[in-house]
Amino acid sequence: MEGLRTYRMVAAMWIRSTMAYRASFALTLFTSFCVTFFDFVVILLMFGQVRGLGGFSFAEVAFLYGSAGTAFGAADLTMGSLQRMGRRIRDGSLDVFLLRPVPLLAQVAADKFALRRLGRVLQGLVVLVWSLVLLRDEVAWSWGKVLMVPGMVVCGAVIFMAVMVLGASALFWLQDASEVTNAFTYGGNTLLQYPPTVFAQDLVKGVVYVVPLAFVNWLPALYVLGRPAPAGVPSWAAFAPPFVALVCCAVAGLAWRTGVRAYRSTGS
């Protein structure tokens, strides 16, 4: 609770600073929305030439894109500031946060809170809602599938947050490896926007059993769409995202505490 209180106070401070220039904020928010929308434009252009992608229709691919984009956008909005961890460790500015008697992770995650990242969340949400409208007659909806949609977005966001914390924890030792961690966050988001059928089975198994990004949207989305799980993956895995999210959070918390204990400040 102390960490949440700290995060809320620090983030609110940066939000007030941002809203002092509302015209500038509105422009950057609109720019963020448009820039991320160009990723979906690629899919629109692709389906202008083909009727399906890996056996998936446009509405189904849009559903994958929207669910992954919304989940990642929420995680990026909340934990995106952790990308600066490597620089803070190298220049010693992390020491300032350690001097304060409040949780370190909450401080670092909320510092320089960028409300403009809300544009990515809104863009993903717009595509997700649009895809659900297109799928209203294609999917045999039930209460389980209806509840699965918001559940997969929330659990997906938590999984992405845990991966971001894991990546930031690795920077206590690697320092200059932020691009490596981005491969699992930004790269994972791009991967999940497309059907699993277009990728090699080894890659699909890797994001199920190694880095569990498939639980963000692939597995629950296949259940919603009424499609079978990838080969070798049990059908009940579609209902596992809450448990996977809890395990990811536990592993990320352990990695973070280990990294903080191993931190020895900067030197000259």
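A quick note: this is a predicted structure, and the numbers were derived from the prediction, not measured.
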Donor-acceptor pairs under 3.5 Å, side chain of residues 232-258 to any protein atom, not counting sequence neighbours: which ones?
unit_1	atom_1	unit_2	atom_2	d
T258	OG1	L254	O	2.8

Output a table of donor-acceptor pairs, distance under 3.5 Å, between side-chain atoms of residues 137-164 and any protein atom two or more places apart or on a different chain; print 'none' if there are none.
unit_1	atom_1	unit_2	atom_2	d
W141	NE1	L135	O	3.4
S142	OG	K145	N	3.4
K145	NZ	A140	O	3.3

Using residues 50-67 as the side-chain source, report each donor-acceptor pair under 3.5 Å to any protein atom, sequence neighbours left out, with the distance given to one decimal.
unit_1	atom_1	unit_2	atom_2	d
S57	OG	E60	N	3.4
S57	OG	E60	OE1	3.4
E60	OE1	S57	N	2.9
E60	OE1	R227	NH2	3.0
E60	OE2	R227	NE	3.2
Y65	OH	T36	O	3.1
Y65	OH	Q123	OE1	3.4
Y65	OH	Q123	NE2	3.1
S67	OG	F63	O	2.9
S67	OG	L64	O	3.0
S67	OG	N217	ND2	3.2

Could you pull out all donor-acceptor pairs under 3.5 Å where a side-chain atom in residues 100-112 meets a protein atom, sequence neighbours excluded?
unit_1	atom_1	unit_2	atom_2	d
R100	NH1	Q107	OE1	3.2
Q107	NE2	F97	O	3.0
Q107	NE2	V102	O	3.2
D111	OD2	R88	NH2	2.3

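Listed for the T185 side chain is a donor-acceptor partner under 3.5 Å among the backbone atoms of N182. The backbone N or O of G124 sits less than 3.5 Å from a side-chain atom of T70, completing a donor-acceptor pair.
Qualifying ring pair (Phe, Tyr, Trp, His ring centres under 6.0 Å) partners for F199, counting only residues two or more places apart in sequence or in other chains: W218. Contacts of Y21 classified as side chain to side chain contact (heavy atoms under 4.5 Å, CB included), with partners at least two apart in sequence or in another chain: S24. R117 is linked by a salt bridge (charged side-chain N to carboxylate O under 4.0 Å, His left out) to D76, counting only residues two or more places apart in sequence or in another chain. The side chain to side chain contact (heavy atoms under 4.5 Å, CB included) search around V41 returns F37, F38, L45, not counting sequence neighbours.
Contacts classified as side-chain hydrogen bond (donor to acceptor under 3.5 Å, both in side chains) and involving residues 195-211 (residues at least two apart or in different chains) are not found. Within the structure, no pair that satisfies the salt bridge (charged side-chain N to carboxylate O under 4.0 Å, His left out) test touches residues 10-26, not counting sequence neighbours.
No path of Ile, Leu, Val, Met, Phe, Trp and Tyr side chains, each step under 4.5 Å between heavy atoms, connects L98 with V96, placing them in separate hydrophobic clusters. Under a hydrophobic clustering in which Ile, Leu, Val, Met, Phe, Trp and Tyr are joined whenever their side-chain heavy atoms come within less than 4.5 Å, directly or via other members, F172 and M79 fall into the same cluster. Residues V127 and V35 do not share a hydrophobic cluster, defined by chaining ILVMFWY side chains whose heavy atoms lie under 4.5 Å apart. Both L94 and V165 are members of a single hydrophobic cluster when ILVMFWY side chains are connected at heavy-atom separations under 4.5 Å.
Counting side-chain heavy-atom gaps under 4.5 Å among Ile, Leu, Val, Met, Phe, Trp and Tyr, the cluster of M19 also holds Y7, V10, M13, W14, I15, F25, L29, F33, L77, F113, L115, L118, V121, L122, V126. Counting Ile, Leu, Val, Met, Phe, Trp and Tyr side chains that sit under 4.5 Å apart, directly or through other members, L27 stands alone, with no cluster partners.
At a threshold of 4.5 Å between non-hydrogen side-chain atoms, the residues T190 and Y186 do not count as touching. The closest side-chain heavy-atom distance from Y194 to M46 is below 4.5 Å.
When all heavy atoms of A68 and L192 are compared, the closest pair comes out as CB-CB, 3.9 Å. Contact between V216 and A71 at its shortest, heavy atoms only, is CG1-CB, 4.2 Å.
Within the model, atoms CD of Q83 and CZ of R87 stand 10.5 Å from one another, a figure rounded to the nearest 0.5 Å. Rounded to the nearest 0.5 Å, atoms OG1 (T18) and CZ (R116) are 8.5 Å apart. For the atom pair CG (N189) and CD (Q193), the distance works out to 4.5 Å, reported to the nearest 0.5 Å. Remark: M85 CE to I89 CD1 distance equals 3.5 Å, nearest 0.5 Å.
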